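To keep things clear, I will list the structure first and then write my remarks on it.
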Amino acid sequence: MRQLIENRLLPKVQKPVRYLGTEWNSIHKDWKQIPVRMVFAFPDVYEIGMSHLGLQILYGLVNERSDALMERVFAPGEDMEGLLRQHDLPLFSLESYRPLTDFDLIGFTLQYEMSFTNILNMLDLARIPLRAEERGDKYPLIVGGGPCATNPEPLAPFFDLFLLGDAEEALPELLEVLKTWKEEYIEFDKQEFLRQAAQIAGVYVPGFYNVEYTATGRVAAVTPTKPGIPARVRRRIVADLDEAYFPTKPVVPFMETVHDRAMVEVLRGCTRGCRFCQAGILYRPVRERDPETLARQAEMILSQTGYDEISLTSLSTADYTCLEPLIKVLMDKHQHQGASVSLPSLRADAFSVNLAKELQRGRKSGLTFAPEAGTQRLRDVINKGVREKDLLEAVTGAFEAGWTGIKLYFMLGLPTETDEDLAGIADLAHRVLAIGRTISREQKRTKKVRVTVSVSTYVPKAHTPFQWEPQVSLEEIRRKQQYLKSSLNKGITYQYHDAELSFLEAVFAKGDRQLAQVLELAWQKGCKFDSWREHFSFDKWLEAFDEAGIEPGIYANEPLDPAATLPWDHLDMGVSKRFLLRERERAFKESLTPDCREGRCGGCDVCQGFGVDLVLKGGKV
Amino acid sequence: MEVRLEYSVGKEVRYLSHLDFLRLFIRALRRAGLPVAYSRGFNPHPKLAFGPPLAVGITSTCEYVDIELAEPVPVAGIIERLGQALPKGVTIKQGKEIKGKTAPLMAVIERARFQVKVPLLEGRDQMDLEQAIENLMNRSGIVVMRNTKEGPRPKDIRQGIFRLAGKEENSSAVLQMELQVGSQGSVRPDEVVRGLIELEGIPLQQEEMEIQRTGLFLFKNNGLVTPLEIL
Ligand code: SF4
């Protein structure tokens, strides 16, 4: 198969390097020696998937074991898909060029809702029946993990099981169970295996739950159908990141990827408590890594990869309590070898700009800040603790330091938003532009000041304080987008997302199992790579909803009753519903909840529930 | 110090683009712990200079790169350490220190040799192939279509073909070519193959072509020498 693909298919595709599988640090194990074989499947193209830290972590973690191997597969590009189908070849793994059906387990990462059709397409290309019930004992187990696994209900019929939370914990335990089956040469009995797997904390086997619906078609109850199956599945959590595995020999792609640099993970979790933010709930509490661990890991990664840039990644790296000493150590050690340090995101304050100033190498083209909302009132609603003063200070500092482009990131359609809040966005942007122009004039610069307003449409997500809120209607999204556009001066660049795409995201983010049929129909109509503008076809999606007899607006645009059962209530993130409801109330009262890193527990119940605590290496902030 | 290395590009890495190779060498040098010199200025970049880019899909026995190091390292040491840090398919064959000034590889290399193996579609005997090559070379012009930024344009490649020979082996044509390359313009081996197909009617299966670059040369006293020989 490898010869055929290399000689006949690769010359015809646009980006053949995507499919080589022989990158530096890629691992090619001898199949005969290894009982448990897994492939990590990323339902998007190579250059996006290879930028994903989770892949590198699990790839290293599993391949370190002598009894298991992990290979990789990505969604093939359209040209490659066409050639595979034309030559009647199945989707193959990159390392061994084997068909996916050769593996015991296929692990899909669920990063965004609009990648769901790609999963179905990949299963089809791999010649695996889409629905778990059609698969019998011979096919690989289809496993899902990642943020969308916290409400995977629209995917439930296609998967055998989901892993909730930090996969470093549950995956090895799952592989152990699988190994016992494989080593004892017992004929594989999937149902029995799944029953055993369901005993592992964090493993959710959707087939063992029955969903009842109300007369209006909403979820009424989700209950286990077998004895010994937990009524609620709680996510897993790595308590101590210093003890946790971290890959120091990550795969180095041949081609340029989205994040083409070394990565260390400085912390996991964020407790700033933005009420729209799902990640802020899913990864609680804050767990920092020791700066010494990080410095050691950074050194190993740089020497094993040859990268010249190290990115300090996390949900909010500027919050890391040991950031400055860590940066100093890294710079002292690696700067003379031409390596630089970078941060993935900035907080809107002077501290962050000073950091950026120190780290920036080369041209100062653009900085991005995320005030998220245009008025203080709305920022209080969403608990985004950015003051206008902080933001203006930050941009002033940035312009003075020589940056010429500022991007401001906002959300449109947040709960309680009015046109006044949108006008606030325009107002803020105009002020930033004015500051930039003044400084530019004073410093006699020739390069034009650019201010970009980038607006995404708010998508209410499961497990957040706004999970009961509807998304504003499609027409209203479009009206708001146009209203904002008309409020902005010509000097501002305005970017906004496809309204239809955000609408579908809202449908699936809070979806239930009834949507599986829609996914399948949409895929049959040719929907895939939906998050890519040139592929996205809203009409096909509407046809799919129509054929399934499902009204998408019910999911996206209707409020949910706080007393009712939610489709994802049986999946426990460790954050209590009581806390989410309290946060929701406080939102509507425009009252702020402080970050628990400052010393006062906000009562989300994660720490008590998991028996863990915040881990702040530099002490409380 | 500056060093010129000769390396080969095997099947494993033939689909890498020129930019991919640049990235690969920079990272391999860093992994090898070799002290690459960086340019000054706003965006410092490592001082590496390659010969004429190898088209995607082609293997080679003789690519060249000039590398500047911040501190002297024995050439044998460079070859060994870099060799260990390169992926399968890239092999450093030899190298020489560059003493004094040399012109950039990209500017001085003018000739390239290729070996092209391409299946014959139906039974043609050797006479036919050799005759076809002779006929082609006897033409005063060989016009093929070339993709340019403005779309496909006719291009006469005759002046850029300096040698063409071939014979049949296991129902494939094995062709040896010496072609013009470099800043004065290049002829691609697949264009020559298209000339044989389109002008001489040789039924070659273009899609299954295997191309290898087998030599790069520059002129010295009217003779061809390799980039290492000139040092
Ligand atoms: S339980 Fe308290 S301290 Fe722990 S994450 Fe929740 S709010 Fe913060």
Side-chain angles (χ1 to χ4, degrees), chain A residues 2-26 28 46-47 80 83 87 97 249-257 260-262 299-310 334-340 360-365 402, chain B residues 9-48 55-59 68-71 81-82 84-90 117-119 172 190 205-211:
Chain A
R2 177 163 224 138
Q3 273 235 323
L4 181 63
I5 292 168
E6 275 186 358
N7 295 339
R8 315 240 350 218
L9 271 52
L10 293 190
K12 293 191 195 136
V13 299
Q14 233 181 14
K15 296 181 175 170
V17 258
R18 281 174 173 168
Y19 311 102
L20 298 187
T22 51
E23 307 94 317
W24 189 255
N25 288 339
S26 61
H28 301 250
Y46 177 89
E47 48 274 43
M80 181 54 115
L83 287 166
H87 286 83
Y97 270 50
K249 288 179 78 174
V251 179
V252 185
F254 289 123
M255 72 188 298
E256 196 172 358
T257 56
D260 204 9
R261 53 188 79 98
E299 184 169 5
M300 289 206 274
I301 296 169
L302 288 175
S303 70
Q304 295 288 346
T305 60
Y307 280 121
D308 59 4
E309 182 181 343
I310 185 124
H334 304 294
Q335 203 172 24
H336 69 278
Q337 301 159 336
S340 64
Q360 184 72 18
R361 216 172 46 164
R363 252 170 271 288
K364 295 191 168 90
S365 45
Chain B
V9 171
K11 274 188 139 199
E12 300 90 339
V13 287
R14 78 191 130 144
Y15 292 114
L16 269 63
S17 70
H18 191 61
L19 263 178
D20 295 336
F21 270 109
L22 176 65
R23 246 193 309 274
L24 182 134
F25 266 90
I26 294 173
R27 287 173 186 166
L29 285 161
R30 299 182 64 92
R31 289 194 288 262
L34 290 165
V36 195
Y38 275 75
S39 67
R40 295 183 195 291
F42 246 154
N43 280 313
H45 53 266
K47 291 191 168 175
L48 247 68
V56 169
I58 299 184
T59 59
E68 195 178 319
L69 297 179
E71 300 152 28
R81 280 159 70 184
L82 188 56
Q84 285 168 1
L86 283 165
K88 236 168 132 184
V90 191
K117 201 172 148 209
V118 47
S172 281
D190 53 300
Q205 204 176 332
Q206 259 191 92
E207 298 212 318
E208 303 271 299
M209 195 158 37
E210 279 174 36
I211 309 178

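No experiment lies behind these values; they were computed from the predicted model shown. Below, read A as the first sequence line, B as the second, and so on, with proteins coming before strands; counting in each chain starts at 1.
Contacts between A:Lys15 and chain B at a heavy-atom distance below 4.5 Å are absent for every atom of the residue. Only the side chain of A:Leu20 comes within contact range of chain B, with heavy atoms under 4.5 Å apart. Both the backbone and the side chain of A:Glu6 come within contact range of chain B, each with at least one heavy atom under 4.5 Å from a heavy atom of that chain. Heavy atoms of B:Glu208 lying under 4.5 Å from chain A belong exclusively to its side chain. Contacts of A:Asp260 with chain B are made by both backbone and side-chain atoms, with heavy-atom separations under 4.5 Å.
The backbone N or O of A:Thr305 sits less than 3.5 Å from a side-chain atom of B:Arg31, completing a donor-acceptor pair.
Of the listed residues A:Asn25, A:Leu10, A:Asn7, the one with more heavy-atom pairs under 4.5 angstrom with chain B than any other is A:Leu10. Note on B:Leu86, B:Leu19, B:Val56, B:Leu24: by heavy-atom pairs under 4.5 Å with chain A, the leading option is B:Leu86. With chain A as the partner, the residue from B:Ala85, B:Ala32, B:Pro35, B:Pro46 showing the most heavy-atom pairs under 4.5 Å is B:Ala85.
The two residues A:Tyr307 and B:Arg30 have their closest heavy-atom pair at O-NE, 3.3 Å. Here the closest heavy-atom approach between residue A:Phe254 and residue B:Leu16 is recorded as CD2-CD2, 3.6 Å.
Atom CZ in B:Arg23 sits 8.0 Å away from atom CE in A:Met255 (nearest 0.5 Å).
Within a 6.0 Å radius of NZ in B:Lys88, no more than 12 heavy atoms belonging to other residues, nucleotides or ligands are found.
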